[in-house]
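We use all heavy atoms of the structure for the numbers below, so side chains are in, but hydrogens, waters and symmetry mates are not. Residue numbers begin at 1 in each chain, while the letters A, B, ... track the order of the sequences. From a predicted model like this one, the values you see are computed outputs, not experimental measurements.
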Amino acid sequence: MSEREQLYIYNSLSGKKELFEPIHQNFVGLYVCGPTVYNYVHLGNCRTFISFDLVFRYLKHLGYKVRYVRNITDAGHLENDAEEGEDKISKKARLEQLEPMEVVQHYTIDFHKVLEQFNNLPPNIEPTATGHIIEQIEMIQQIMQKGLAYEVNGSVYFDVPKYNASADYGELSGRKIEELMAGSRELDGQSEKKSPLDFALWKNAKPEHIMKWPSPWGMGFPGWHLECSAMSTKYLGEQFDIHGGGMDLKFPHHECEIAQGHAATGVKPVKYWMHANMLTLNGKKMSKSTGNTLLPAELFSGENSVLEKPYDPIIVRFFIMQAHYRSTLDFSSDALSAAEKGFHRLMQAVAMLPELPVANDTTFDVNGLIKRFYSAMNDDFNSPILIAHLFEAVKYLNDIKDGKLFITQADLTLLSKEIKAFVFDVLGLQLPEKQTSSNEAEIEGMMDLILNLRQKARENKDWSTSDEIRDKLAELGITLKDSKDGAKWTKN
RNA sequence: GGUCUCGUGGCCGAGCGGCUAGGCAACGGUCUGCAAAACCGUGUACAGCGGUUCGAAUCCGCUCGAGACCUCCA
């Protein structure tokens, strides 16, 4: 087992793969930035959550007790970094004439539904920003006590240059404060901020602002980056193992988290930073603001301009697993249909495991194969390599079925256990959901009748009748597959 | 403009100094009345140019191309 636990994780902080050693033996604290629930999650958002679902699942598979925390941002971030602005949830609420919490509730439910369709495991704790206003206020006070934040007109800002004097602002994203200064051309001389790099911890709310809470600085709302720091600290401690999120959150969001946490507690909050890369569409990042998106619902229904037909969510999951989480992945109809075929081949091989013949000897390297499953995943969760090895296993299984290779009962039991663990528990794959309809039993009966009649025609070598039935059914979208055990049919 | 990443066979996508991933498609075969399906087999590709090295897709430089972050975004 020791060998299996040599897990290496690419740490964005160092830019290297590092041996994973949890802060507390056998326990792992995992925090992932969740969605802002003012809109439907698109496929790009889903990729990140599916990537970290893989991380969560594999850590569990290795035997770690994992506490997985993923927040719901329901307080609303501002539309931009301007002093004035409306938060997204309030804006949506105003446009749709809804209570902000109605907006939040609607999209949170949708988010959960979608991730369940992708067979993601729920996190252990899913805290909301609005449910942790007190913790956020406390954290601001801690930072102010250290002298690293200041209040102006009921708003509180983090003092980046002052923090940078004794720490390294930019260590995660590889930025230098001087370069950031040079790049920020602050036209607005009226800014409350001492430095353009300073960011809000608390914002004063105008009377017309809908979402606001009382604080020592008056009515207001928390800043953009604070909730993650407050909630990760509360549920995982001042220092925890893994913090994940999309690549686009690296700067400034995660950089600010490090600064806030470090300022408040005196220690760096995270040991391993992980960033999942973007899902692209037409070669460009999927993004809500640019409209270059595909929604899961459009994918499952086939109602979109990108895909020729609907796809089962689990196919999309498999497609995502076929690329490494740190690489960009381009979404296209061709790529997805290729994944679909490969997926079915894999699942068919898994399904025949219980029926394979056993022998007195095993004529291939079962243990070596299993070891490769682990080494793939231990190398920074390399799921595409794992899948390549699983297809190697598929070939062996087919050879066993054809009598070209042999396996003992003990080895088959072991191999089955490991393959199933990796396919179902680690990759989180499952058999596609069968569409059930109320009249399915009737159709089943009718098809049996038709196939029996056709079988009789075939026994009489009445090929024209046999072929006519097959062709007519094909026109209706039903494909017949003849085999030695009789014909089987599938509906497109 | 600044910082950074990437460019792999028809497509997707691993690898990141020597041991020529994998999937899909294509082609050949087995099976089949024919077909489909299924299974088996076949492909030395790494943007271009130059350099380092016994050896480079992998390291260095330049050129071209694509993308990300620097403003909300997973």
Within this structure, what is the [atom1]-to-[atom2] distance between [X] and [N], rounded to whole angstrom?
X	N	atom1	atom2	value
A:His225	B:C73	NE2	C1'	12 Å
A:Glu179	B:G1	CD	P	16 Å
A:Asp198	B:U71	CG	P	14 Å
A:Met274	B:A74	CE	C1'	14 Å
A:Leu356	B:C39	CG	P	13 Å
A:Leu480	B:G33	CG	C1'	16 Å
A:Phe391	B:A14	CZ	P	15 Å
A:Asn398	B:C31	CG	C1'	14 Å

Between A:Trp463 and B:G33, do the rings stack, that is, sit under 5.5 Å apart with planes less than 30° off each other?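 Here the ring of A:Trp463 and the base of B:G33 are stacked, with centres under 5.5 Å and planes under 30°.
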Does atom [atom1] ([X]) have a neighbourhood of more than 12 heavy atoms from anything else shown, all under 6.0 Å?
X	atom1	answer
A:Gln455	CD	yes
A:Lys309	NZ	yes
A:Arg67	CZ	no

For RNA chain B, what residues of residues 381-389 of chain A have any heavy atom nearer than 4.0 Å?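 Within residues 381-389 of chain A, the residues near RNA chain B are A:Asn382, A:Pro384, A:Ile385, A:Ala388.
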What is the nucleic acid contact for [X], judged by heavy atoms within less than 4.0 Å: base, sugar-phosphate only, or nothing?
X	answer
A:Ser466	base
A:Asp467	base
A:Lys176	nothing
A:Leu279	base
A:Lys404	sugar-phosphate
A:Gly244	nothing

Among A:Thr130, A:Ile89, A:Thr128, side chain to side chain contact (heavy atoms under 4.5 Å, CB included) partner for A:Val104: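 Only match with A:Val104 under side chain to side chain contact (heavy atoms under 4.5 Å, CB included): A:Ile89.
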Ignoring hydrogens and angles, does a donor from either the side chain of A:Arg470 or the base of B:A35 sit under 3.5 Å from an acceptor on the other?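 Per atom types, the contact qualifies.
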Taking the nucleotide of RNA chain B with the closest heavy atom to each, which residue, A:Ala276 or A:Phe318, is nearer the 5' end?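 This one resolves to A:Phe318.
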Toward the 5' end of RNA chain B, which comes first, A:Ser337 or A:His344, by nearest nucleotide?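 It is A:Ser337 whose nearest nucleotide is closer to the 5' end.
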In dot-bracket, 5' to 3', how would RNA chain B read with Watson-Crick or G-U wobble pairs under 3.5 Å, [ ] for crossing ones and | for pairs to another strand? (((((((..(((.....[...))).(((((.......)))))....(((((..]....))))))))))))....
Where the side chain of [X] is concerned, which of [options] is the nearest nucleotide?
X	options	result
A:Phe49	B:G23, B:A14, B:A74	B:A74
A:Ser289	B:C12, B:C73, B:C40	B:C73
A:Asp399	B:C40, B:C12, B:C73	B:C40

Between [N] and [M], how many Å separate the two [atom1] atoms, rounded to a whole number?
N	M	atom1	answer
B:C59	B:C54	C1'	16 Å
B:U30	B:G7	C1'	40 Å
B:U42	B:A47	C1'	28 Å
B:A37	B:A25	P	9 Å
B:G15	B:A26	P	28 Å
B:C46	B:U20	C1'	12 Å
B:G23	B:C40	P	9 Å
B:G50	B:A56	P	14 Å

When you check the phosphate oxygens OP1 and OP2 of B:A25, does a side-chain N or O of A:Lys341 lie under 4.0 Å from one of them?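 Yes.
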Are OP1 or OP2 of B:G23 and a side-chain N or O of A:Arg345 less than 4.0 angstrom apart?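 True: A:Arg345 side-chain N/O within range (under 4.0 Å) of B:G23 OP1/OP2.
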Does the ring of A:Phe49 carry A:Arg70 above it, NZ/CZ under 6.0 angstrom from centre and within 45° of its axis?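 Pair A:Arg70/A:Phe49 counts as cation-pi.
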With a cut-off of under 6.0 Å to the ring centre and 45° to the axis, is A:Arg326 in cation-pi contact with A:Tyr10?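 Flagged: A:Arg326 positioned over aromatic ring of A:Tyr10.
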Verdict with supporting geometry, A:Ile9 and A:Phe381, side chain to side chain contact (heavy atoms under 4.5 Å, CB included): CA-CA 8 Å; A:Ile9 296 180; A:Phe381 307 96; 3.7 Å; yes
A:Phe251, A:Trp202, A:Phe199 screened by ring-ring contact (aromatic ring centres under 6.0 Å, His included) with A:His225, the one that passes: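 One option only clears the test, and that one is A:Phe199.
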Steps toward side-chain hydrogen bond (donor to acceptor under 3.5 Å, both in side chains) verdict (A:Asn71, A:Glu126): CA-CA 5 Å; A:Asn71 64 296; A:Glu126 194 164 44; over 6 Å; no
Please list each protein N or O that sits under 3.5 Å from an N or O in nucleotides 66-69 of chain B, with the distance.
from  : atom 1 : to       : atom 2 : distance (Å)
B:G67 : OP1    : A:Lys284 : NZ     : 3.4
B:C69 : OP1    : A:Lys285 : NZ     : 2.1
B:C69 : O2'    : A:Arg175 : NH2    : 2.7

Rounded to the nearest 0.5 Å, what separates atom CG in A:Leu30 from atom CD1 in A:Ile242?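 If we round to the nearest 0.5 Å, A:Leu30:CG and A:Ile242:CD1 are 5.5 Å apart.
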At their closest point, which heavy atom of A:Met211 faces which heavy atom of A:Ala75, and how far apart are they?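 Heavy atoms of A:Met211 and A:Ala75 come nearest at SD-O, 3.7 Å.
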Looking at side-chain heavy atoms only, is the closest gap between A:Met274 and A:Ser12 below 4.5 Å?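 Side chain of A:Met274 against side chain of A:Ser12, heavy atoms only: no contact under 4.5 Å found.
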Pair A:Asp87-A:Tyr38, side-chain donor/acceptor within less than 3.5 Å: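 Looking only at side-chain atoms, A:Tyr38 and A:Asp87 do not form any donor-acceptor pair under 3.5 Å.
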